[in-house]
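Note sheet for the following structure.
Residue numbers start from 1 in every chain, and the chains themselves are labelled A, B, ... in the order their sequence lines are given, proteins ahead of strands.
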Number of protein chains: 2
Amino acid sequence: MNTVFKALNDKTRRDILELLKEGDRTAGEIADHFNFSKPTISHHLDLLRQAELIVSEKQGQFISYSLNTTVVDELLKWVLQFSSNASEKAKNKNLGYEGQ
Amino acid sequence: MNTVFKALNDKTRRDILELLKEGDRTAGEIADHFNFSKPTISHHLDLLRQAELIVSEKQGQFISYSLNTTVVDELLKWVLQFSSNASEKAKNKNLGYEGQ
DNA sequence: TTTGTATTTAGATATTTGTCTAAATATATA
DNA sequence: TATATATTTAGACAAATATCTAAATACAAA
């Protein structure tokens, strides 16, 4: 969870996730959406990948990035433990949250 | 959301939330659970309060802290938008998520 | 009022973070 | 092979962060 929260603690990185929600993008396409240098975006992608919030796949000379919903679901379970919503908590139990 | 993710990006602060999940605690009681100075814990409580993840109430000479599930639910909605779980997404719609 | 307890504020410092430019690596194409 | 494109790595630096000690504030009780 540490790397996940670290990755999410930056507006640009959260915006990258929103972009990838729409569909896969290459590193260059992602960089073109922001007013930061390519190395800076590359660094952000690295942190998101360390958190396993995204995965990368080499496609020829490009590298394509996409969301990894597995970790999103773990985060969801973590948040649910604090929710006041009883039915969410029940679902949480179904999802097998065990604390950590 | 910025202050929320900032507040969550620290193990000690997440542990404080877990502690408050069990019930309200005074600043001193919270500090006693950690191997950090009271000023350090006070600072962490301040950041959690800025994010509105917790609320404080003065009770005589003590200050009692408790969870604020309202912001937890907002966070939940934010995470849900990335979830692959379709029924969760439907629920998300019911909760009125509008993006941000 | 004086003393003690609870908590925060102030100020200092080492570490981490986000950003940049320059250079390196990898692949495609002429 | 030589050149161009895509991306990352390396190194530097300013800003933000987590921690500490010392001091200040607020309240309670003797």
(Q) What range of DNA chain C does chain A touch, first nucleotide to last, counting atoms under 4.0 Å from its heavy atoms? (A) C/dT17 to C/dA28

(Q) What is the separation between atom CZ on A/F36 and atom C1' on D/dT7, rounded to the nearest whole Å? (A) 18 Å

Q: May I ask you to say whether A/K77 pairs ionically with A/E74, meaning some side-chain N is under 4.0 Å from a carboxylate O?
A: no

Q: Could you tell me whether A/R49 contacts a base, only the sugar-phosphate backbone, or nothing, with contacts defined as non-hydrogen atoms closer than 4.0 Å?
A: nothing

Q) For B/L45 and D/dT17, what is the distance between atoms CG and C1' respectively, to the nearest whole Å? A) 16 Å

Q. For A/E52, does its backbone N or O pair with a side-chain atom of A/N68 as donor and acceptor, under 3.5 Å?
A. yes

(Q) What's the separation between atom CG in A/D32 and atom OG1 in A/T26, rounded to the nearest 0.5 Å? (A) 7.5 Å

Q) Distance check: side-chain N/O of B/S37 vs OP1/OP2 of D/dT21, anything under 4.0 Å? A) no

Q: Starting at atom NZ of B/K11, determine the distance to atom C1' of D/dT17, rounded to an integer number of angstrom.
A: 18 Å

Q: Tell me what A/L47 touches on the nucleic acid: a base, only sugar-phosphate, or nothing, going by heavy atoms under 4.0 Å.
A: sugar-phosphate

Q: Starting at atom CD of A/E29, determine the distance to atom C1' of D/dT7, rounded to an integer number of angstrom.
A: 13 Å

Q) Between B/H44 and B/T12, what is the shortest heavy-atom contact and its length? A) CD2-CG2, 3.9 Å

Q | Side chain B/R13, main chain B/K6, donor-acceptor under 3.5 Å | A | yes

Q.
Could you tell me how far apart A/K58 (NZ) and D/dA6 (P) are, to the nearest whole angstrom?
A. 14 Å

Q. When you check the phosphate oxygens OP1 and OP2 of D/dA10, does a side-chain N or O of A/H43 lie under 4.0 Å from one of them?
A. no

Q. Reckon B/T40 has a side-chain N or O less than 4.0 Å from the OP1 or OP2 of D/dA18?
A. no

Q: Take atom CG of B/D10 and atom C1' of D/dT19, then tell me their distance rounded to the nearest Å.
A: 11 Å

Q. Between B/N2 (CG) and D/dA16 (P), how many Å, whole number?
A. 13 Å

Q: Could you pick out which residue, A/H44 or A/Q59, lies toward the 5' side of DNA chain C when each is mapped onto its nearest nucleotide?
A: A/H44

Q. Of all residues at least two apart in sequence or in a different chain, which pass the side chain to side chain donor-acceptor pair (under 3.5 Å) check with A/Q50?
A. A/D46

(Q) I'd like to know if A/K11 and A/D15 make a salt bridge, using a cut-off of under 4.0 Å between side-chain N and carboxylate O. (A) yes

Q) If you find the nucleotide of DNA chain C closest to A/K38 and the one closest to A/K6, which residue's nucleotide is nearer the 5' end? A) A/K6

Q: Using a heavy-atom cut-off of under 4.0 Å over every strand shown, decide if B/Y65 touches base, sugar-phosphate, or nothing.
A: sugar-phosphate

Q. For the pair made of CD in B/Q50 and C1' in D/dT17, what is the distance, rounded to whole Å?
A. 13 Å

